[in-house]
Chemist: 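I'd like to ask you about the structure that follows.
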Amino acid sequence: MSGLSRHWKLLLPLGMLAALASIVVSSSLAASNAKEVRVAIMTDCKGAFGFGSEVDTGGALAAFAEYAGGKVVDPKKPTAGMTGIKVGSTPVKIVGIGCGDDTVPTAVKETRRLMEQLKADVMVGPLSGDEAVYVANYAKAHPTKTFIVGTAGSQDPTLQIAPKNLFRYHGDGAQWNAGIGEIAYKKLGWRKAAIMMDDYSFGWTSGAGIIADFCAIGGKITKRVFPPLNTTDYSSYVQQLPAPGTVDGYFWVVGGTGTAAALTAFEQANGPLDPKQHIGNLFFAFLGADKVVAPKVVGSYVGGFGTPWVNSLKTQAAKAYEASVHRSYPGLDGGNYADGFVYNYYNAAWALVQGLRTSNGATGLALQKAMPRTIKPGYQVSNGGILKLDSNRQAIQDQWPMQIQKKADGSIVGAAIGYVPNVDQSFGGLFKKSSPAPGRTQPPCVKRKLPWQGKIKVVKNGVITKQIIK
């Protein structure tokens, strides 16, 4: 009896200690999981991209609804917010939505408000090129914060600056235009062209992709014209372009609210637009230009946005993505869920959810290490639908040159007509960290071999064919 008594006296403290240890561990885990992750969404509500606040926010929140249980407050107004976002047992709170206006001073003010005053752990955004250049430099100075670019397309953030805590799950503006120069050369017979591009980082980057692609196959750019972003009267800039007949065509890299105004000025100076003489970057087909500009240039080709037009790619992944956004915000951006302003913010937020799952809700350096280096977005086809980040945490992305078409019912649509797989930010080695960022003279017009040259596949009725564009 005495031996048994001594045995129980020994076991009882050990059992109590185990129970106490279990309580302490459980309490510690509960405390850890109870710590909310604070997320800011940085977009524009003013300026050339003032439409972006609802569109971008809707894309990000649709991903939180799909993958993190978020509950939509108002399906017609994404900026009304979302409740109940949770990754595992970790709550996620949207602490603020930035109100940019495409300028650096406002980006400075809003980024500091979101990250310092509202104490966000993570920023999804920004929207515009110069804003992203500032945010990349801000990220470098704040290494414990995590930044996921929303849809800004300037090259600098992930090539020349490239802080380790900044991620971009979409192409930059040059990547988006892969293939369009070759189409101009082969399909339209252009040999000499002029280009007008917005005089800021995204305009330069977007123009750089067109120039590099067109010149690589043998085309020549005879004139580059640079109107400031938010120009309203383009007549003086149109006068700087060579006259019709002296070049084969014109590339337009005029975004935001400027697309229609620039083409109107060209019409006033030179008469009705000939669709075979005009190619635009993404803004020919988005931001309302599909209604204002597109009817005048049916048949024109359009550089991509890393996306086809909605319902323009008939794959299961594309349909699943479009249905996902529709469930949360039916009719967002007029139902064009393929708009990169929706799609890129969606993928940024989805990547964040995946990172938080891997980090068990931890932020800072743990989250940055856990952020996925691959995702499987709706419009990626190559590599079994897997999009990869390069060593600078920049997407290597499939691209989709488009054409403005008129349907049998008379409606005007943009349709993907080409498929360019796995376009990297270096543009086949042309752009390097050590090279100057795109600008007024960069890149030079040089004939060279690009990885996709002569390999762009035809897309017909939403299906990638085996035929090569000739």
Side-chain angles (χ1 to χ4, degrees), residues 36-87 91-102 106-107 109-111 113-115 117-118 120 122-128 131 148-152 170 255-257 283 286-292 305 307 309-311 320-353 378:
E36 67 186 12
V37 174
R38 300 173 66 81
V39 175
I41 298 174
M42 179 63 187
T43 178
D44 286 5
C45 67
K46 299 175 183 176
F49 307 106
F51 72 92
S53 189
E54 297 296 344
V55 176
D56 296 344
T57 303
L61 295 187
F64 285 131
E66 185 73 19
Y67 298 107
K71 307 300 180 188
V72 171
V73 173
D74 184 344
K76 294 183 178 179
K77 188 177 177 59
T79 55
M82 178 167 280
T83 62
I85 306 172
K86 188 175 283 191
V87 178
V92 175
K93 181 178 181 180
I94 308 298
V95 297
I97 299 172
C99 179
D101 61 2
D102 65 62
T106 304
K109 181 178 117 179
E110 284 296 275
T111 299
R113 178 179 71 87
L114 295 168
M115 307 308 291
Q117 295 177 27
L118 300 181
V122 183
M123 174 190 283
V124 176
L127 178 156
S128 188
E131 296 172 334
I148 310 168
V149 177
T151 197
H170 61 78
T257 55
F283 293 114
F286 293 100
L287 297 185
D290 54 311
K291 299 177 179 63
V292 178
F305 204 173
T307 70
W309 195 258
V310 69
N311 298 319
Y321 157 71
E322 290 165 14
S324 172
V325 180
H326 183 80
R327 279 192 290 273
S328 293
Y329 296 106
L332 180 67
D333 197 29
N336 184 21
Y337 312 126
D339 188 339
F341 292 97
V342 180
Y343 180 69
N344 294 336
Y345 271 80
Y346 181 100
N347 288 328
W350 180 32
L352 172 58
V353 171

Chemist: Can you see which heavy atom on Ile97 is nearest to which on Arg113, and at what distance?
Modeler: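 So the two residues come closest at O-NH2, 3.3 Å.
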Chemist: Run the ring pair (Phe, Tyr, Trp, His ring centres under 6.0 Å) test against Tyr321 and tell me which residues pass, sequence neighbours left out.
Modeler: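 For Tyr321, the residues satisfying ring pair (Phe, Tyr, Trp, His ring centres under 6.0 Å) (neighbours in sequence not counted) are Tyr343, Tyr346, Tyr379.
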Chemist: Among residues two or more places apart or on two chains, list those pairs meeting salt bridge (Lys or Arg N to Asp or Glu O under 4.0 Å) that have a residue in residues 70-87.
Modeler: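 The answer is Glu54-Lys77.
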Chemist: Quick one, Val124 and Val39 - any side-chain contact, counting heavy atoms below 4.5 Å?
Modeler: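 Counting from C-beta outward, Val124 and Val39 do come under 4.5 Å.
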Chemist: Are the side chain of Asn344 and the backbone N or O of His170 linked by a donor-acceptor pair below 3.5 Å?
Modeler: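 No, the answer is negative, given that no donor and acceptor are paired below the 3.5 Å cut-off.
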Chemist: Tell me every residue that passes side-chain hydrogen bond (donor to acceptor under 3.5 Å, both in side chains) with Asn347, counting only those two or more places apart in sequence or in another chain.
Modeler: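 With sequence neighbours excluded, Asn347 shows a side-chain hydrogen bond (donor to acceptor under 3.5 Å, both in side chains) to no residue whatsoever.
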Chemist: List the atom of Thr106, the atom of Gly100, and the distance in Å for their closest heavy-atom pair.
Modeler: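 Here Thr106 and Gly100 meet closest at CG2-CA, 3.9 Å.
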Chemist: Holding to side chain to side chain contact (heavy atoms under 4.5 Å, CB included), I want the full list of residues that pass it with Lys93, two or more places apart in sequence or in another chain.
Modeler: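 Residues passing side chain to side chain contact (heavy atoms under 4.5 Å, CB included) with Lys93: Glu36, Arg38, Val95.
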Chemist: Not counting sequence neighbours, which residues clear side-chain hydrogen bond (donor to acceptor under 3.5 Å, both in side chains) with Ser53? List them please.
Modeler: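 Applying side-chain hydrogen bond (donor to acceptor under 3.5 Å, both in side chains) to Ser53 gives none.
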Chemist: Under the ring pair (Phe, Tyr, Trp, His ring centres under 6.0 Å) rule, collect the residues that match up with Tyr345, sequence neighbours excluded.
Modeler: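 Testing Tyr345 for ring pair (Phe, Tyr, Trp, His ring centres under 6.0 Å), a comparison that skips the adjacent residues, returns none.
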Chemist: Does Ser328 have any side-chain hydrogen bond (donor to acceptor under 3.5 Å, both in side chains) partners at least two apart in sequence or in another chain, and if so, which?
Modeler: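 None.
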Chemist: When you measure from the side chain of Thr43 to the backbone of Gly52, do you find a donor-acceptor pair of N or O atoms at a distance under 3.5 Å?
Modeler: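 Yes, the answer is positive, given that a donor and an acceptor are paired below the 3.5 Å cut-off.
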Chemist: So, for Gly335 and Val310, which heavy atoms are closest and what is the spacing to 0.1 Å?
Modeler: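 Smallest interatomic distance, heavy atoms only, reads O-CG2, 3.7 Å.
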Chemist: So does Ala338 get a backbone contact from the side chain of Thr307, meaning a donor-acceptor N/O pair under 3.5 Å?
Modeler: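 Answer holds: yes.
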Chemist: For Ile41 and Ala60, work out which heavy atoms get closest and say how close.
Modeler: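 Where Ile41 meets Ala60 most closely, the heavy atoms are CD1-CB, 4.0 Å.
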Chemist: Once rounded to the nearest 0.5 Å, what's the spacing between atom NZ of Lys109 and atom CG of Leu114?
Modeler: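 Answer rounded to 0.5 Å: 11.0 Å.
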Chemist: Residues in side-chain hydrogen bond (donor to acceptor under 3.5 Å, both in side chains) with Glu66, at least two apart?
Modeler: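 Partners of Glu66 under the side-chain hydrogen bond (donor to acceptor under 3.5 Å, both in side chains) test: Ser324, Arg327.
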Chemist: Rounded to the nearest 0.5 Å, what separation is found between the CD1 atom of Ile94 and the CG atom of Leu118?
Modeler: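 These two atoms lie 12.0 Å from each other.
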Chemist: On a heavy-atom basis, which atom in Asp44 and which in Glu131 lie closest, and how many Å separate them?
Modeler: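 Taking every non-hydrogen atom into account, OD1-OE2, 2.7 Å.
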Chemist: How would you list, by chain and number, every residue that makes a side chain to side chain contact (heavy atoms under 4.5 Å, CB included) with Ala351, sequence neighbours excluded?
Modeler: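 In terms of side chain to side chain contact (heavy atoms under 4.5 Å, CB included), with neighbours along the sequence ignored, Ala351 is linked to Tyr169, Met371, Pro372, Ile375.
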Chemist: For the residue pair Tyr337 and Tyr329, is the inter-centroid distance of their aromatic rings smaller than 6.0 Å?
Modeler: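 No, the ring of Tyr337 stays outside the 6.0 Å limit from the ring of Tyr329, centre to centre.
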Chemist: Can you tell me how far apart CG (Asp56) and CG (Asp339) are? Round to the nearest 0.5 Å.
Modeler: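 One gets 8.5 Å once the value is rounded to the nearest 0.5 Å.
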Chemist: Which atoms form the tightest heavy-atom contact between Met82 and Ala65, and what is the distance?
Modeler: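 Smallest interatomic distance, heavy atoms only, reads CE-CB, 3.8 Å.
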Chemist: Which residue pairs pass the disulfide (SG to SG under 2.5 Å) test with at least one member in residues 37-76, sequence neighbours excluded?
Modeler: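 Qualifying pairs: Cys45-Cys99.
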Chemist: For a 4.5 angstrom cut-off between non-hydrogen side-chain atoms, does Val87 reach Val37?
Modeler: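 No; the side chains remain at least 4.5 Å from each other.
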Chemist: Do the rings of Tyr67 and Trp350 sit parallel, tilted or perpendicular, given the 30° and 60° boundaries?
Modeler: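 Tyr67 vs Trp350 ring planes: parallel.
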Chemist: With side chains defined as the heavy atoms from C-beta onward, is the minimum distance between Val342 and Asn336 less than 4.5 Å?
Modeler: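 Not in contact.
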Chemist: Rounded to the nearest 0.5 Å, how far apart are OG1 of Thr111 and CE of Met123?
Modeler: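 One finds 4.0 Å between OG1 of Thr111 and CE of Met123.
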